Colleague: 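Have a look at this one before I ask anything.
Only a predicted model underlies this, so the values are computations on that prediction, with no experimental measurement involved. Residues: numbered from 1 along the sequence shown.
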Amino acid sequence: MMTDRGVSLKLLIGVAYLSSIPVVVHAQTRAETLRQVTGNNINTLDPSTPGATREAFGVSTSTYDRLVAFDRKREAGVWVFDRTKIRGELAESYELSPDGLKITFKLRDAKWHDGTPITAEDVKWSLDRAVSAKSLSKGQLGTGSLTAPDQFVVVDARTITVTLPKPDRLALSNLATPLAPIFNSKLAKQHATSEDPWAQEWLKTNTAGSGAYTIETFKPGEQVVLRRNDDWKSGRDGKLPFFKRIIEQTVPEPATRANLIEKGDADIATDLQASDVLALQSRGKLRVDSTPQSNGFTMVAFNTRMPPFDNVKVRQAIAAALPYASMLEAAIFKRGFALFGASWTEPPTGDFPQAMPTRTDLAKAKQLLAEAGFATGFKTTFTINVGSAAITEPMAALIKESLAKIGIEVDIQKLPDAQMSTAITDKRLPFFTEGSTAWLPTTDYFFRNFFTGDQRWNYSSWNNAGVTELGAKARFELDPAKYEEMSKQMIAEYVKEMPLVLLWQANQDAVMAPNLDGYTYWFHRQLDFRDLSRKQ
């Protein structure tokens, strides 16, 4: 059931705003224009800017080319990204040396948006920038052993090599993420200063790219309008995108976004509330493509450095007391893949995340709590994010009720998004829920990022020496059988220690006009406008 409060005025404003965009001036029909509504905003045009939103990552995939890109495949009737297949994008071809230490890229005969030719010097400058500037790129590319400018060598105008200290499983994959864009170095340098040698300030509101679309209008927090680059050659089979124009508008109210889609004033949205998706789906007027967020998870996390959650039996007790099925239904209406309820004692595969052998067993929970020295229970706080209250509030209420049955008294705390993020980074929360995704969803990547060190993404502050060692080795292990065994060992240790409890992979629901085609679920959870077309 949709929420009606405040919809009427906002809907009128949204419709008027969308209708005011002058499509006719550019001689493009409504059929050739795609209109997306999103709840968040595009706050920068440079995806490497610290604090860039997911929506900014999405826009960058269409305005910038990378050397390579992931391919896609069909799963359960929906296109999804395929991390096992990497194709050339700006690179016409690439070759990995037999020892895995050098990647050679041959560039296409391509041009920047300003019409000048793209050269290997531009690629080197861009990769130098990625590993040198204070940006999101530096940390991300470091996960693939891309850390220093001397690793990138220009061979000739259209050839560049990347050299690795060790054969890293994720080096090439990192070059396919939004954090490895290739910039028009000559244009960017014109706007660089001694204080800002990488033109980071200018590139926040301007582009220097070669991608499928150019920026026509950019109003941070409101909208971005893209125009197709008809000279683009980096698409699949050299094909241009279907849409000549893209309008992406920020509409904060979920119910308003739902109404805009249903009325035909917008074409697609991917961040509606589950209740609205169900209502729209039941009326049968729109198309809904749904797929679990296969590279992510929702979890309950414990601060393993903070009593009583430094006690493994306490963590195991809570894992046995959580009302899994009830939470899945109340929070996301069962729209997702459950990561609980498995029956195995040894991991059947090395894939992570996968369904874990966790289930509700209050008798076991009470026993474990007594063994931990808390037979009468204890008091704690459980923190949720206000921005995702539609999901987290039902979860928190059910957790509070279930844990009370084993003597744990829970005080639910609600924090605004920014405060929640800061508290997680500062490791101040003892017990909370959060969701996250990994751009490169391999088991070693998950464990290295979510279960080691003091980094923000190690939600549970869990540092197991054996897991840390296995993750570091697996990163460079090219033998599939050995990698699989290492992955199983890491998963087994995780289940034993239970630093956090996996709950589910929520669906990403793309609600769209019935004549749209080509929607693809990407690891950054944003639309790639180049995929989409309108049925004739």
Colleague: Restricting to non-hydrogen atoms, name the atom on L203 and the atom on Y64 that form the minimum distance, rounded to 0.1 Å.
Modeller: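 In terms of heavy atoms, the two residues are closest at CD2-OH, 3.8 Å.
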Colleague: For the pair E216 and R245, find out whether any cationic side-chain nitrogen is under 4.0 Å from an anionic carboxylate oxygen.
Modeller: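 Salt bridge: yes.
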Colleague: May I ask you to test the N458-K427 pair for a side-chain heavy-atom distance under 4.5 Å?
Modeller: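 In short, these two side chains touch, coming nearer than 4.5 Å.
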Colleague: Can you see whether T443 engages Y483 through a side-chain donor-acceptor pair at a distance of less than 3.5 angstrom?
Modeller: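 The answer is no; no qualifying pair exists.
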Colleague: Going by ring-ring contact (aromatic ring centres under 6.0 Å, His included), name the pairs with one or both residues in residues 222-270, residues two or more places apart or in two chains.
Modeller: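 Listed once each, the pairs would be none.
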Colleague: Could E92 and K106 be called an ion pair, given the rule that one side-chain N must be under 4.0 Å from one carboxylate O?
Modeller: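 No, no charged N to carboxylate O under 4.0 Å.
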Colleague: Please name all residues satisfying salt bridge (Lys or Arg N to Asp or Glu O under 4.0 Å) with K473, sequence neighbours left out, ordered by chain then number.
Modeller: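 Per chain and number, K473 pairs via salt bridge (Lys or Arg N to Asp or Glu O under 4.0 Å) with E469.
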Colleague: Please name all residues satisfying side chain to side chain contact (heavy atoms under 4.5 Å, CB included) with P347, sequence neighbours left out, ordered by chain then number.
Modeller: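 So P347 forms a side chain to side chain contact (heavy atoms under 4.5 Å, CB included) with W344, K488, I491, A492.
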Colleague: Test of understanding: with side chain to side chain contact (heavy atoms under 4.5 Å, CB included), list the residues that count as partners of K239, not counting sequence neighbours.
Modeller: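 Only D237 meet the side chain to side chain contact (heavy atoms under 4.5 Å, CB included) criterion with K239.
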Colleague: Report the residues that fulfil side chain to side chain contact (heavy atoms under 4.5 Å, CB included) with N206, sequence neighbours left out, ordered by chain and then residue number.
Modeller: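 N206: side chain to side chain contact (heavy atoms under 4.5 Å, CB included) contacts with W202.
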Colleague: By side-chain hydrogen bond (donor to acceptor under 3.5 Å, both in side chains), which residues pair with T291, not counting sequence neighbours?
Modeller: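 Not a single residue meets the side-chain hydrogen bond (donor to acceptor under 3.5 Å, both in side chains) criterion with T291.
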Colleague: Going by the rule side-chain hydrogen bond (donor to acceptor under 3.5 Å, both in side chains), which residues pair with Y213 if we only count those two or more places apart in sequence or in a different chain?
Modeller: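 Testing Y213 for side-chain hydrogen bond (donor to acceptor under 3.5 Å, both in side chains), a comparison that skips the adjacent residues, returns none.
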Colleague: Just distance, no hydrogens or angles: give the donor-acceptor pairs under 3.5 Å from side chains in residues 292-302, sequence neighbours left out.
Modeller:
{"from": "N295", "atom 1": "OD1", "to": "Y521", "atom 2": "OH", "distance (Å)": "2.6"}
{"from": "N295", "atom 1": "ND2", "to": "A438", "atom 2": "O", "distance (Å)": "2.9"}
{"from": "N295", "atom 1": "ND2", "to": "F523", "atom 2": "O", "distance (Å)": "3.0"}
{"from": "T298", "atom 1": "OG1", "to": "W504", "atom 2": "NE1", "distance (Å)": "3.4"}

Colleague: List for me each residue that meets side chain to side chain contact (heavy atoms under 4.5 Å, CB included) alongside A355, sequence neighbours excluded, and say none if there are none.
Modeller: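 Applying side chain to side chain contact (heavy atoms under 4.5 Å, CB included) to A355 gives A342.
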Colleague: Write out all pairs satisfying salt bridge (charged side-chain N to carboxylate O under 4.0 Å, His left out) with one or both partners inside residues 434-461, taking only residues at least two apart or from two chains.
Modeller: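 Qualifying pairs: R305-D454, D444-R448.
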Colleague: Tell me whether the rings of F105 and Y94 are parallel (<30°), tilted (30 to 60°) or perpendicular (>60°).
Modeller: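 Taking Y94 first and then F105, their aromatic rings sit tilted (interplane angle of 30° to 60°).
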Colleague: More than 12 heavy atoms of other residues, nucleotides or ligands under 6.0 Å from NZ of K134: yes or no?
Modeller: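 Open: at most 12 neighbouring heavy atoms sit under 6.0 Å from NZ of K134.
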Colleague: Side chains of S62 and R530: any donor to acceptor distance under 3.5 Å?
Modeller: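 No.
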Colleague: Which residues satisfy the salt bridge (Lys or Arg N to Asp or Glu O under 4.0 Å) test with D517, sequence neighbours excluded?
Modeller: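 Result, salt bridge (Lys or Arg N to Asp or Glu O under 4.0 Å) vs D517: R287.
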Colleague: Tell me, please, which residues at least two apart from K414 pass salt bridge (Lys or Arg N to Asp or Glu O under 4.0 Å).
Modeller: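 Listed in chain order: E393.
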